Enquirer: 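Here it is, the structure, as structure tokens.
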There are 2 protein chains.
Amino acid sequence: MGRKTLIDEEELISRLSNVFREVGYEGATLALLAEATGLKKASLYHRFPQGKEQMAREVLEKAGSWLEEHILAPLRAAGAPASRIDAMVKQLDAFYSGGRQACLLNMLSSARIHGGPFTEMIERVFEAWIGALSAVLLDAGLDRKTARSRAERTVMMLQGSLVFSRGMGTTRPFREFLKSLPAELRKI
Amino acid sequence: MGRKTLIDEEELISRLSNVFREVGYEGATLALLAEATGLKKASLYHRFPQGKEQMAREVLEKAGSWLEEHILAPLRAAGAPASRIDAMVKQLDAFYSGGRQACLLNMLSSARIHGGPFTEMIERVFEAWIGALSAVLLDAGLDRKTARSRAERTVMMLQGSLVFSRGMGTTRPFREFLKSLPAELRKI
DNA sequence: GTCTATAGGAAGATAGAC
DNA sequence: GTCTATCTTCCTATAGAC
């Protein structure tokens with residue numbers, strides 16, 4: 001030992017992600033990130049030569065590809081719109097740990113970096129999410145405008161339920177929102 | 001000069017508030033806060049002996065009393081529920097600068113302070129807001145459970161629309177949400 | 001690949017003059 | 001009440017041994 005990888009890539013990114021989701025970009029000190037990963041600061045720099053900004057970028061990229069794989073791909077898959085939406089709900093529940101973990105898109109959007117290196121990626125993720133959700137609702141028979149509007153409202157309600165859950169110190173709002181979502185989207 | 005107050009209380013809190021709303025608690029450095037207010041760090045400490053934490057606390061208190069005065073009191077006032085809601089929408093639009101400024105309740109809820117000195121106040125503000133909104137919807141003829149649920153959803157959508165607006169770099173989601181709100185609340 | 005040690009700077013906070 | 005100057009602590013980042 002001493003020369004081997006002590007923590008695998010996936011777990012490393014996941015632990016870093018937890019920190020950024022809890023305290024945001026500025027709140028995530030290298031001391032916190034090191035503690036969460038079990039690595040020393042210098043080891044983190046070996047893996048991420050550009051430091052904290054690179055860590056946040058890779059964490060955000062990972063979240064984007066996770067969303068693509070576990071949420072968007074299933075939304076585009078074959079099957080009834082209703083069952084595709086049920087699948088999304090299940091994955092969202094897991095991704096946000098039943099409402100206990102905040103969304104990176106919210107926690108990183110205030111990072112005051114020169115020009116904002118996360119801005120573009122955050123926009124892309126939001127856009128992809130709403131696009132895929134719109135497509136399902138189109139399949140379900142909604143017209144283009146209504147589908148887009150309802151997709152946007154869904155993403156906003158998800159974000160809002162996470163903010164509200166965190167602020168109130170309970171996961172109930174998030175859980176109730178997820179529970180009501182399939183019926184909401186089926187309306188009209 | 002030199003011994004006089006160069007900035008009045010209200011304006012001071014307002015400028016500090018803008019910084020916390022933009023970059024959150026950890027992102028709000030004393031350098032930023034000093035720049036925004038036109039005061040030097042030492043002057044800020046003269047006014048806020050407990051430093052940044054006190055600044056954030058007073059800013060949050062001010063936001064709470066602003067909400068009470070401009071949003072909750074009008075919600076409780078005499079008049080048709082619909083017109084009281086219209087009044088709230090107008091005030092919300094001003095308070096969030098048409099969607100350009102984030103909500104303190106979101107931006108301060110991740111402040112990683114020993115035990116979280118803001119937690120309690122954030123909960124209280126959310127609770128008061130939803131209570132007042134529920135009461136209006138009760139007046140409008142909704143049953144207790146539905147009124148409460150719709151009030152919560154309104155607050156969540158507001159938060160979500162602000163998060164989404166910031167993430168997408170446009171105020172459109174916030175503005176559209178506000179515009180649709182009166183009709184939404186009138187349903188059923 | 002991980003570590004200890006440390007540089008260099010920015011952060012929060014204070015002292016004391018005016 | 002505001003300022004300049006300074007202190008201390010924490011933070012980001014690097015050097016170099018193993």
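Please read all numbers here as calculations on a predicted model, not as lab measurements. The chains referred to below are lettered A, B, ... by the order of the sequence lines, with proteins before strands, and numbering in each begins at 1.
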Enquirer: I'd like to check the side chain to side chain donor-acceptor pair (under 3.5 Å) partners of B/D93; sequence neighbours left out, ordered by chain and number.
Expert: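 Scan of B/D93 (side chain to side chain donor-acceptor pair (under 3.5 Å), adjacent residues dropped) gives none.
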Enquirer: Starting at NE2 of A/H46 and ending at P of D/dG16, how long is that distance when rounded to a whole Å?
Expert: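 Rounded to the whole Å, the gap is 17 Å.
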Enquirer: Does the side-chain contact (heavy atoms from CB on, under 4.5 Å) test come out yes or no for B/L185 and B/V136, once each step is laid out?
Expert: CA-CA 10 Å; B/L185 291 179; B/V136 175; over 6 Å; no
Enquirer: Give a yes/no answer on whether the side chain of A/S43 brings an N or O atom under 4.0 Å of OP1 or OP2 in C/dG1.
Expert: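 Answer no for this pair, as no side-chain N or O of A/S43 is under 4.0 Å from OP1 or OP2.
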Enquirer: Can A/E11 and A/R15 be counted as an ion pair, charged N to O under 4.0 angstrom?
Expert: yes
Enquirer: Quickly work out the A/D8 CG to C/dT2 P distance and round it to whole Å.
Expert: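 Spelled out: CG on A/D8 to P on C/dT2 is 11 Å.
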Enquirer: Please list each protein N or O that sits under 3.5 Å from an N or O in nucleotides 10-12 of chain C, with the distance.
Expert:
{"unit_1": "C/dG12", "atom_1": "OP1", "unit_2": "B/K52", "atom_2": "NZ", "d": "3.1"}
{"unit_1": "C/dG12", "atom_1": "OP2", "unit_2": "B/L30", "atom_2": "N", "d": "2.6"}

Enquirer: What integer distance in Å separates A/E53:CD from D/dA13:C1'?
Expert: 14 Å
Enquirer: How about A/M107 and A/E22: do any of their side-chain heavy atoms sit closer than 4.5 Å?
Expert: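 No, every pair of side-chain atoms sits at 4.5 Å or beyond.
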Enquirer: For A/L138, enumerate each residue passing the side chain to side chain contact (heavy atoms under 4.5 Å, CB included) test, keeping only those at least two apart in sequence or located in another chain.
Expert: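 Expected list: A/R144, A/A147.
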Enquirer: Starting from P on C/dT4, measure out to CG on A/L44 and report it in whole angstrom.
Expert: 13 Å
Enquirer: If each of B/L39 and A/G51 is mapped to the nucleotide of DNA chain D with the nearest heavy atom, which maps nearer the 5' terminus, i.e. the 5' end?
Expert: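 It is B/L39, whose closest nucleotide lies nearer the 5' terminus.
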Enquirer: Tell me whether the NZ or CZ atom of A/R21 lies within the 45° cone about the ring axis of A/F95 and under 6.0 Å from its centre.
Expert: yes
Enquirer: Rounded to whole angstroms, how far apart are NZ on A/K40 and C1' on D/dT14?
Expert: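 For the pair A/K40 NZ and D/dT14 C1', the rounded distance is 17 Å.
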Enquirer: Nearest whole Å is fine: how far is D/dT12 P from A/Q50 CD?
Expert: 16 Å
Enquirer: Could you state the CZ-P distance from B/F48 to D/dT2, rounded to the nearest angstrom?
Expert: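 Taking atom P of D/dT2 as the reference, CZ of B/F48 is at 11 Å.
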